[in-house]
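Accompanying notes for the structure given below.
Below, each value reflects all heavy atoms present in this structure, side chains not excepted, and no hydrogens, waters or symmetry copies.
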Amino acid sequence: MIDIHDIKKSFGPLQVLKGIDLSIGRGEVVSIVGPSGAGKTTLLQIIGTLDRPDSGTVLVDSVDVTQLSQKKLADFRNRHIGFVFQFHQLLPEFTAVENIMIPAYIAGTSHKAARQRADELLQFMGLTDRARHKPNELSGGEKQRVAVARALVNSPAVILADEPSGSLDSKNKAELHQLFFDLRDRFGQTFVIVTHDEQLASLTDRTIHLKDGQICSDSETTTP
(Lines give C-alpha, C1' and ligand atoms only; values in the text may rest on other atoms or scores of the structure.)
Protein backbone atom coordinates (compact mmCIF):
# COMPACT_ATOMS: atom_id res chain seq x y z
CA MET A 1 0.00 0.00 0.00
CA ILE A 2 2.69 2.50 1.10
CA ASP A 3 6.38 1.75 0.71
CA ILE A 4 8.97 4.35 1.70
CA HIS A 5 12.69 3.83 1.20
CA ASP A 6 15.54 6.00 2.50
CA ILE A 7 13.59 9.27 2.57
CA LYS A 8 15.70 12.28 3.43
CA LYS A 9 14.56 15.88 3.72
CA SER A 10 16.33 19.06 4.76
CA PHE A 11 15.25 22.65 5.16
CA GLY A 12 18.38 24.70 4.71
CA PRO A 13 21.05 23.31 7.03
CA LEU A 14 18.48 21.44 9.15
CA GLN A 15 18.04 17.77 8.20
CA VAL A 16 14.49 16.91 9.25
CA LEU A 17 14.28 13.33 7.94
CA LYS A 18 17.41 11.17 8.00
CA GLY A 19 16.70 8.08 5.94
CA ILE A 20 13.18 6.82 6.67
CA ASP A 21 12.22 3.27 5.67
CA LEU A 22 8.57 2.33 6.25
CA SER A 23 5.92 0.00 4.82
CA ILE A 24 2.21 0.25 5.59
CA GLY A 25 -0.26 -2.41 4.48
CA ARG A 26 -3.71 -1.91 3.01
CA GLY A 27 -6.36 -1.56 5.71
CA GLU A 28 -3.88 -0.74 8.47
CA VAL A 29 -4.49 2.09 10.92
CA VAL A 30 -1.04 3.42 11.82
CA SER A 31 -0.12 6.24 14.19
CA ILE A 32 3.05 8.32 13.99
CA VAL A 33 4.13 9.83 17.30
CA GLY A 34 7.10 11.70 18.64
CA PRO A 35 8.18 15.02 20.14
CA SER A 36 7.75 18.33 18.34
CA GLY A 37 10.39 18.70 15.65
CA ALA A 38 10.79 14.95 15.18
CA GLY A 39 9.69 15.17 11.52
CA LYS A 40 6.17 13.70 11.84
CA THR A 41 4.29 16.28 9.78
CA THR A 42 7.09 16.49 7.20
CA LEU A 43 6.88 12.72 6.71
CA LEU A 44 3.09 12.88 6.39
CA GLN A 45 3.33 15.67 3.83
CA ILE A 46 5.82 13.67 1.77
CA ILE A 47 3.59 10.58 1.86
CA GLY A 48 0.71 12.84 0.82
CA THR A 49 2.69 14.35 -2.08
CA LEU A 50 2.37 17.85 -0.60
CA ASP A 51 6.16 17.99 -0.39
CA ARG A 52 8.97 16.19 -2.19
CA PRO A 53 11.87 14.44 -0.45
CA ASP A 54 15.45 15.39 -1.26
CA SER A 55 16.14 11.71 -1.98
CA GLY A 56 14.52 8.31 -1.64
CA THR A 57 11.35 6.76 -3.03
CA VAL A 58 7.70 6.87 -1.99
CA LEU A 59 5.30 4.31 -3.46
CA VAL A 60 1.58 4.81 -2.84
CA ASP A 61 -0.67 2.14 -4.29
CA SER A 62 2.33 0.86 -6.34
CA VAL A 63 2.96 4.32 -7.90
CA ASP A 64 6.30 6.04 -7.26
CA VAL A 65 4.94 9.51 -6.58
CA THR A 66 8.44 11.04 -6.50
CA GLN A 67 8.60 10.52 -10.28
CA LEU A 68 5.31 12.22 -11.20
CA SER A 69 5.08 15.65 -12.81
CA GLN A 70 3.27 18.38 -10.88
CA LYS A 71 0.13 17.96 -12.99
CA LYS A 72 0.05 14.19 -12.62
CA LEU A 73 0.87 14.55 -8.94
CA ALA A 74 -2.13 16.83 -8.35
CA ASP A 75 -4.43 14.38 -10.12
CA PHE A 76 -2.99 11.41 -8.20
CA ARG A 77 -3.40 13.27 -4.88
CA ASN A 78 -7.03 14.12 -5.62
CA ARG A 79 -7.97 10.55 -6.54
CA HIS A 80 -5.83 8.43 -4.25
CA ILE A 81 -5.16 10.40 -1.04
CA GLY A 82 -7.57 11.96 1.45
CA PHE A 83 -6.54 14.50 4.08
CA VAL A 84 -7.93 15.30 7.53
CA PHE A 85 -6.36 18.18 9.46
CA GLN A 86 -6.60 19.38 13.06
CA PHE A 87 -8.96 22.13 11.99
CA HIS A 88 -11.62 21.00 9.54
CA GLN A 89 -10.80 23.60 6.84
CA LEU A 90 -14.33 23.50 5.44
CA LEU A 91 -15.30 26.31 3.07
CA PRO A 92 -17.69 28.53 5.04
CA GLU A 93 -19.88 29.57 2.09
CA PHE A 94 -20.82 25.98 1.21
CA THR A 95 -23.11 23.51 2.97
CA ALA A 96 -21.87 20.25 4.49
CA VAL A 97 -22.87 18.20 1.45
CA GLU A 98 -21.33 20.75 -0.94
CA ASN A 99 -18.04 20.69 0.96
CA ILE A 100 -17.96 16.90 0.72
CA MET A 101 -18.64 16.97 -3.04
CA ILE A 102 -15.85 19.42 -3.97
CA PRO A 103 -13.02 16.84 -4.39
CA ALA A 104 -15.38 14.70 -6.50
CA TYR A 105 -16.06 17.65 -8.82
CA ILE A 106 -12.31 18.25 -9.15
CA ALA A 107 -11.91 14.59 -10.16
CA GLY A 108 -14.52 15.05 -12.90
CA THR A 109 -17.29 13.08 -11.21
CA SER A 110 -20.83 13.91 -12.35
CA HIS A 111 -23.08 15.89 -10.01
CA LYS A 112 -25.41 12.90 -9.61
CA ALA A 113 -22.64 10.45 -8.69
CA ALA A 114 -20.91 12.96 -6.39
CA ARG A 115 -24.17 13.70 -4.57
CA GLN A 116 -24.96 10.00 -4.22
CA ARG A 117 -21.55 9.33 -2.70
CA ALA A 118 -21.78 12.37 -0.40
CA ASP A 119 -25.23 11.29 0.81
CA GLU A 120 -23.91 7.79 1.51
CA LEU A 121 -21.07 9.20 3.60
CA LEU A 122 -23.32 11.63 5.45
CA GLN A 123 -25.60 8.73 6.36
CA PHE A 124 -22.63 6.69 7.58
CA MET A 125 -21.48 9.66 9.68
CA GLY A 126 -24.96 10.12 11.16
CA LEU A 127 -25.19 13.59 9.60
CA THR A 128 -28.00 13.22 7.04
CA ASP A 129 -30.08 15.88 8.78
CA ARG A 130 -27.11 18.32 8.69
CA ALA A 131 -26.46 18.07 4.93
CA ARG A 132 -27.73 21.57 4.13
CA HIS A 133 -26.13 23.28 7.12
CA LYS A 134 -23.09 25.50 6.64
CA PRO A 135 -20.00 25.06 8.86
CA ASN A 136 -20.98 27.85 11.25
CA GLU A 137 -24.18 25.91 11.98
CA LEU A 138 -22.33 22.70 12.91
CA SER A 139 -20.66 21.63 16.14
CA GLY A 140 -16.93 20.97 16.27
CA GLY A 141 -17.45 17.22 16.13
CA GLU A 142 -19.88 17.52 13.21
CA LYS A 143 -17.47 19.70 11.25
CA GLN A 144 -14.66 17.20 11.68
CA ARG A 145 -16.90 14.33 10.56
CA VAL A 146 -17.82 16.34 7.46
CA ALA A 147 -14.09 16.83 6.86
CA VAL A 148 -13.56 13.06 7.11
CA ALA A 149 -16.41 12.49 4.65
CA ARG A 150 -14.81 14.99 2.26
CA ALA A 151 -11.53 13.06 2.51
CA LEU A 152 -13.38 9.84 1.63
CA VAL A 153 -15.55 11.04 -1.25
CA ASN A 154 -13.20 9.86 -4.01
CA SER A 155 -12.61 6.50 -2.29
CA PRO A 156 -8.88 7.18 -1.86
CA ALA A 157 -6.30 4.49 -1.21
CA VAL A 158 -5.21 6.13 2.04
CA ILE A 159 -6.38 8.79 4.50
CA LEU A 160 -3.65 10.94 6.06
CA ALA A 161 -4.63 12.70 9.27
CA ASP A 162 -2.57 15.36 11.07
CA GLU A 163 -3.67 15.76 14.72
CA PRO A 164 -7.29 15.11 13.64
CA SER A 165 -8.77 15.22 17.15
CA GLY A 166 -6.53 17.96 18.53
CA SER A 167 -9.26 20.61 18.60
CA LEU A 168 -12.07 18.39 19.94
CA ASP A 169 -13.43 17.81 23.45
CA SER A 170 -13.20 14.38 25.05
CA LYS A 171 -16.58 13.10 23.82
CA ASN A 172 -16.10 14.17 20.20
CA LYS A 173 -12.51 12.96 20.29
CA ALA A 174 -13.61 9.46 21.32
CA GLU A 175 -16.31 9.41 18.64
CA LEU A 176 -13.84 10.50 15.94
CA HIS A 177 -11.32 7.87 16.98
CA GLN A 178 -13.99 5.15 16.79
CA LEU A 179 -15.07 6.48 13.40
CA PHE A 180 -11.63 5.75 11.93
CA PHE A 181 -11.92 2.08 12.86
CA ASP A 182 -15.54 1.88 11.69
CA LEU A 183 -14.41 3.26 8.32
CA ARG A 184 -11.59 0.74 8.12
CA ASP A 185 -14.04 -2.08 8.84
CA ARG A 186 -16.65 -0.77 6.35
CA PHE A 187 -14.46 0.40 3.46
CA GLY A 188 -11.09 -1.30 4.10
CA GLN A 189 -9.61 2.16 4.52
CA THR A 190 -5.93 2.71 5.31
CA PHE A 191 -5.17 5.47 7.84
CA VAL A 192 -1.87 7.12 8.70
CA ILE A 193 -2.34 9.42 11.68
CA VAL A 194 0.12 11.91 13.17
CA THR A 195 -0.93 12.45 16.77
CA HIS A 196 0.16 13.51 20.24
CA ASP A 197 -2.89 11.69 21.64
CA GLU A 198 -1.62 8.63 23.49
CA GLN A 199 -5.12 7.15 23.72
CA LEU A 200 -5.53 7.22 19.93
CA ALA A 201 -2.03 5.84 19.38
CA SER A 202 -2.76 2.95 21.75
CA LEU A 203 -5.78 1.95 19.63
CA THR A 204 -4.04 1.82 16.27
CA ASP A 205 -2.65 -1.35 14.69
CA ARG A 206 0.91 -0.01 14.79
CA THR A 207 2.67 2.93 16.37
CA ILE A 208 5.69 4.48 14.64
CA HIS A 209 7.90 6.50 16.99
CA LEU A 210 9.98 9.24 15.37
CA LYS A 211 12.84 11.03 17.08
CA ASP A 212 15.33 13.42 15.52
CA GLY A 213 14.20 12.54 12.00
CA GLN A 214 14.56 8.77 12.40
CA ILE A 215 12.27 5.88 13.31
CA CYS A 216 13.29 4.75 16.78
CA SER A 217 10.58 2.09 17.13
CA ASP A 218 7.81 0.45 15.11
CA SER A 219 5.52 -1.64 17.28
CA GLU A 220 2.17 -3.36 17.00
CA THR A 221 -0.44 -1.99 19.36
CA THR A 222 -3.83 -3.08 20.53
CA THR A 223 -6.45 -3.57 17.82
CA PRO A 224 -9.79 -2.14 18.97
Side-chain angles (χ1 to χ4, degrees), residues 1-2 26-29 44-45 47-50 60-63 65 68 70-168 171-193:
M1 170 76 266
I2 299 172
R26 192 176 303 277
E28 276 196 291
V29 180
L44 199 72
Q45 289 175 338
I47 296 172
T49 76
L50 297 174
V60 179
D61 224 9
S62 301
V63 175
V65 297
L68 297 179
Q70 287 295 337
K71 185 177 185 300
K72 288 183 178 180
L73 201 59
D75 182 65
F76 182 89
R77 186 186 306 127
N78 173 252
R79 295 174 182 274
H80 295 272
I81 302 173
F83 296 91
V84 181
F85 302 99
Q86 179 173 352
F87 300 101
H88 52 81
Q89 296 188 349
L90 301 177
L91 297 177
E93 65 269 30
F94 294 109
T95 64
V97 71
E98 288 168 343
N99 267 284
I100 294 169
M101 291 167 70
I102 288 170
Y105 285 148
I106 293 171
T109 306
S110 70
H111 174 81
K112 181 179 179 181
R115 181 59 191 257
Q116 184 176 353
R117 174 65 171 163
D119 286 342
E120 175 191 11
L121 290 167
L122 281 166
Q123 183 177 15
F124 187 84
M125 304 287 175
L127 293 172
T128 299
D129 61 340
R130 312 297 278 169
R132 297 187 180 278
H133 288 69
K134 292 185 176 180
N136 64 358
E137 300 171 307
L138 302 174
S139 70
E142 288 170 340
K143 284 185 278 197
Q144 198 62 316
R145 277 183 282 161
V146 170
V148 173
R150 178 184 58 190
L152 286 162
V153 72
N154 286 337
S155 302
V158 61
I159 297 292
L160 305 179
D162 194 356
E163 298 289 357
S165 58
S167 63
L168 300 179
K171 178 177 180 295
N172 283 305
K173 183 182 295 188
E175 290 177 354
L176 182 68
H177 294 173
Q178 184 57 50
L179 176 62
F180 292 150
F181 296 100
D182 291 344
L183 288 166
R184 188 266 298 277
D185 294 342
R186 172 71 177 273
F187 300 112
Q189 196 65 60
T190 304
F191 283 88
V192 182
I193 306 167

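In this structure, the side chain of N154 does not engage the main chain of R79 through any donor-acceptor pair within 3.5 Å. Although no hydrogens or angles enter the test, the distance criterion places no donor-acceptor pair under 3.5 Å between the side chain of E28 and the main chain of V192.
V97 is listed as a side-chain neighbour of R115, based on a closest heavy-atom distance under 4.5 Å. Side-chain contact between R77 and F83: present, with at least one pair of heavy atoms (C-beta onward) separated by less than 4.5 Å. Side-chain contact between L90 and R150: present, with at least one pair of heavy atoms (C-beta onward) separated by less than 4.5 Å. T95 is not listed as a side-chain neighbour of E137, based on a closest heavy-atom distance of 4.5 Å or more. N78 places a side-chain heavy atom less than 4.5 Å from the side chain of P103. Taking 4.5 Å as the limit, some side-chain heavy atom of L183 sits within range of a side-chain heavy atom of V148. With contacts defined as side-chain heavy-atom distances shorter than 4.5 Å, the pair L179/R145 qualifies. Contact annotation: the side chain of I100 never approaches that of M125 to less than 4.5 Å [non-hydrogen atoms, C-beta and beyond].
E120 pairs by the side chain to side chain donor-acceptor pair (under 3.5 Å) definition with R117, not counting sequence neighbours. Not a single ring-ring contact (aromatic ring centres under 6.0 Å, His included) links H177 to another residue, sequence neighbours left out.
In this structure, H111 and Y105 have parallel ring planes: the angle between them is below the 30° cut-off, well short of the 60° mark.
In summary, D75 and K71 do not engage in a salt bridge, as defined by a charged side-chain N under 4.0 Å from a carboxylate O.
The shortest heavy-atom contact between A104 and V153 is N-CG1, 3.9 Å. Contact between G82 and P156 at its shortest, heavy atoms only, is N-CB, 3.6 Å. Between T190 and G27 the shortest heavy-atom distance is OG1-N, 2.8 Å. Here the shortest heavy-atom pairing between A96 and R130 reads CB-O, 3.6 Å. The minimum heavy-atom distance between L122 and A131, with the atom names listed, is CD1-CB, 3.7 Å. Closest non-hydrogen pair, I47 versus I81, comes out as O-CD1, 3.8 Å.
Considering CD of Q116 and CG of L121, their distance stands at 11.0 Å, rounded to 0.5 Å. The NZ atom of K143 sits 12.5 Å away from atom CD of Q89, with the distance rounded to the nearest 0.5 Å. Atom CD1 in I159 sits 9.0 Å away from atom CZ in F180 (nearest 0.5 Å). Taking NZ of K173 as the reference point, atom CD of Q144 lies at 12.0 Å (rounded to 0.5 Å).
A side-chain contact (heavy atoms from CB on, under 4.5 Å) with T49 is found for exactly one of L68, L160, V60, L73, namely L73.
Identified under the ring pair (Phe, Tyr, Trp, His ring centres under 6.0 Å) test for residues 113-133, with sequence neighbours left out: F124-F187.
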